[in-house]
Amino acid sequence: AQSVTQLDSQVPVFEEAPVELRCNYSSSVSVYLFWYVQYPNQGLQLLLKYLSGSTLVKGINGFEAEFNKSQTSFHLRKPSVHISDTAEYFCAVSFRGAGNMLTFGGGTRLMVKP
Amino acid sequence: DTAVSQTPKYLVTQMGNDKSIKCEQNLGHDTMYWYKQDSKKFLKIMFSYNNKELIINETVPNRFSPKSPDKAHLNLHINSLELGDSAVYFCASSHGTGGGYEQYFGPGTRLTVT
């Protein structure tokens, strides 16, 4: 079965500290990988995506993610977070042959404390 | 200019009523989607249309009927509303259906059924 798992439902972190949000997927076919951010009472905004090529992908707002095929992971990282990064983060996967449909993980709430 | 817009932003109604949510995109995309986000923030695809044709229908009750009058619009009509329909509904759009295309999300419609 094809699925996406975000291992942490909440991640508290102090401002200027590094953070990693974890995402694992299960699939028997090729995948395309995305991270979206949702600020309170807003829609989702794309942070970054992996389609092919270099496994380290850089996105907006200083975020980056690394695709690890052997571990079926796509973890999101930021070396130094700001208060404004407080939001819900969603890992999403598009499975080849599934018509560009996104399957989302359960989300991780990043809480940046001063 | 708003890329993907939804109306209304909030919808409060009673059980048994019929309601519609409208979505419009001005990005020139040919594929549109409806997602449901439940109270635990879990996001799940409901429908996808490509060039006004239904291509994904993810076991949604037939009380939900999407309609796409043209490529730029995808509306969602819900009959006989139930308490469990309370959620945030997001419209999204993208180029193509082959996988790997970024989806652009609207701001969401918060539906509350009492």
Side-chain angles (χ1 to χ4, degrees), chain A residues 1-6 8-11 21 23 25 27 29-53 57 59-60 67 74 86-111, chain B residues 2-10 21 23-25 27 29-51 53-60 87-110 112:
Chain A
Q2 296 163 339
S3 64
V4 184
T5 303
Q6 290 182 243
D8 306 297
S9 59
Q10 294 186 76
V11 173
L21 306 183
C23 173
Y25 67 91
S27 177
V29 300
S30 298
V31 297
Y32 305 104
L33 300 154
F34 305 82
W35 275 98
Y36 282 86
V37 60
Q38 184 180 26
Y39 298 104
N41 298 316
Q42 293 187 28
L44 282 77
Q45 179 184 4
L46 182 71
L47 280 176
L48 48 79
K49 62 184 177 183
Y50 173 79
L51 303 183
S52 64
V57 180
I60 63 170
F67 171 55
F74 190 54
T86 294
E88 195 84 25
Y89 291 78
F90 292 95
C91 179
V93 180
S94 170
F95 300 98
R96 189 182 290 271
N100 206 45
M101 178 183 86
L102 288 176
T103 298
F104 284 89
T108 297
R109 177 151 182 77
L110 177 64
M111 299 176 292
Chain B
T2 303
V4 183
S5 59
Q6 296 179 229
T7 53
K9 190 168 174 61
Y10 300 97
I21 305 171
C23 177
E24 176 180 3
Q25 55 94 5
L27 298 167
H29 291 161
D30 56 5
T31 306
M32 297 184 73
Y33 312 80
W34 279 111
Y35 288 86
K36 178 180 180 180
Q37 185 174 46
D38 64 22
S39 59
K40 296 186 178 179
K41 300 280 189 179
F42 185 69
L43 276 154
K44 186 169 169 58
I45 183 79
M46 299 175 69
F47 301 103
S48 175
Y49 270 74
N50 175 253
N51 285 321
E53 285 192 30
L54 180 67
I55 56 171
I56 294 173
N57 182 343
E58 283 290 300
T59 59
V60 176
V88 181
Y89 292 84
F90 286 100
C91 177
S93 71
S94 73
H95 284 298
T97 60
Y101 293 102
E102 175 183 353
Q103 294 187 22
Y104 292 78
F105 284 79
T109 295
R110 183 175 294 275
T112 303

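On a predicted model such as this, the values are computed, not experimentally measured, just so you know. Numbered from 1 within each chain, the chains take letters A, B, ... in sequence-line order.
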Report summary line: d(A:Thr108 OG1, B:Lys41 NZ) to nearest 0.5 Å is 13.0 Å
Query raised in the report: Taking all atoms of both residues into account, what is the closest heavy-atom pair of A:Asn41 and B:Lys9, and its distance?
Result: O-NZ, 3.7 Å
Query - Closest heavy-atom pair and its distance - A:Phe90, B:Gln37 - result: CZ-NE2, 3.4 Å
Query - OH/B:Tyr104: more than 12 non-hydrogen atoms of other groups inside 6.0 Å - result: no
Report task. Using non-hydrogen atoms and a 4.5 Å limit, figure out which bit of A:Tyr50 sits close to chain B: side chain, backbone, both or neither. Result -> neither
Requested in this report: Please state whether the side chain, the backbone, both or neither of A:Leu51 comes within less than 4.5 Å of a heavy atom of chain B.
Outcome: side chain
Requested in this report: Side-chain contact test, heavy atoms from C-beta onward, threshold under 4.5 Å: evaluate it for A:Asn100 versus B:Asn50 and give yes or no.
Outcome: no
Requested in this report: Could you tell me which portion of B:Gln6 (side chain, backbone, both or neither) has an atom closer than 4.5 angstrom to a non-hydrogen atom of chain A?
Outcome: neither
Query raised in the report: Given that the side chain runs from C-beta out, which part of B:Lys44 has a heavy atom under 4.5 Å from chain A: side chain, backbone, both or neither?
Result: neither
Report summary line: With sequence neighbours left out, the residues meeting ring-ring contact (aromatic ring centres under 6.0 Å, His included) with B:Tyr35 are A:Phe104, B:Phe105
Query - Contact origin within A:Gln45 toward chain B - heavy atom pairs under 4.5 Å - result: neither
Query raised in the report: Is any side-chain heavy atom of A:Lys49 less than 4.5 Å from a side-chain heavy atom of B:Tyr101?
Result: no
**Report entry** Gap between atom CG of A:Leu44 and atom CD of B:Gln103 - 0.5 Å precision
**Finding:** 10.0 Å
Query raised in the report: Using a cut-off of under 4.5 Å for heavy-atom pairs, which of B:Gly108, B:Gly100, B:Pro107, B:Gly106 has the most such pairs with chain A?
Result: B:Gly100
Query raised in the report: Contact part of A:Tyr36 toward chain B, heavy-atom cut-off under 4.5 Å: side chain, backbone, both or neither?
Result: side chain
Requested in this report: Examine whether an atom of B:Ile56 lies under 4.5 Å from a heavy atom of chain A, and if so say whether it belongs to the side chain, the backbone or both; otherwise answer neither.
Outcome: side chain
Query raised in the report: Taking only residues two or more places apart in sequence, or in another chain, which ones meet A:Thr86 in a side chain to side chain contact (heavy atoms under 4.5 Å, CB included)?
Result: A:Arg109, A:Val112
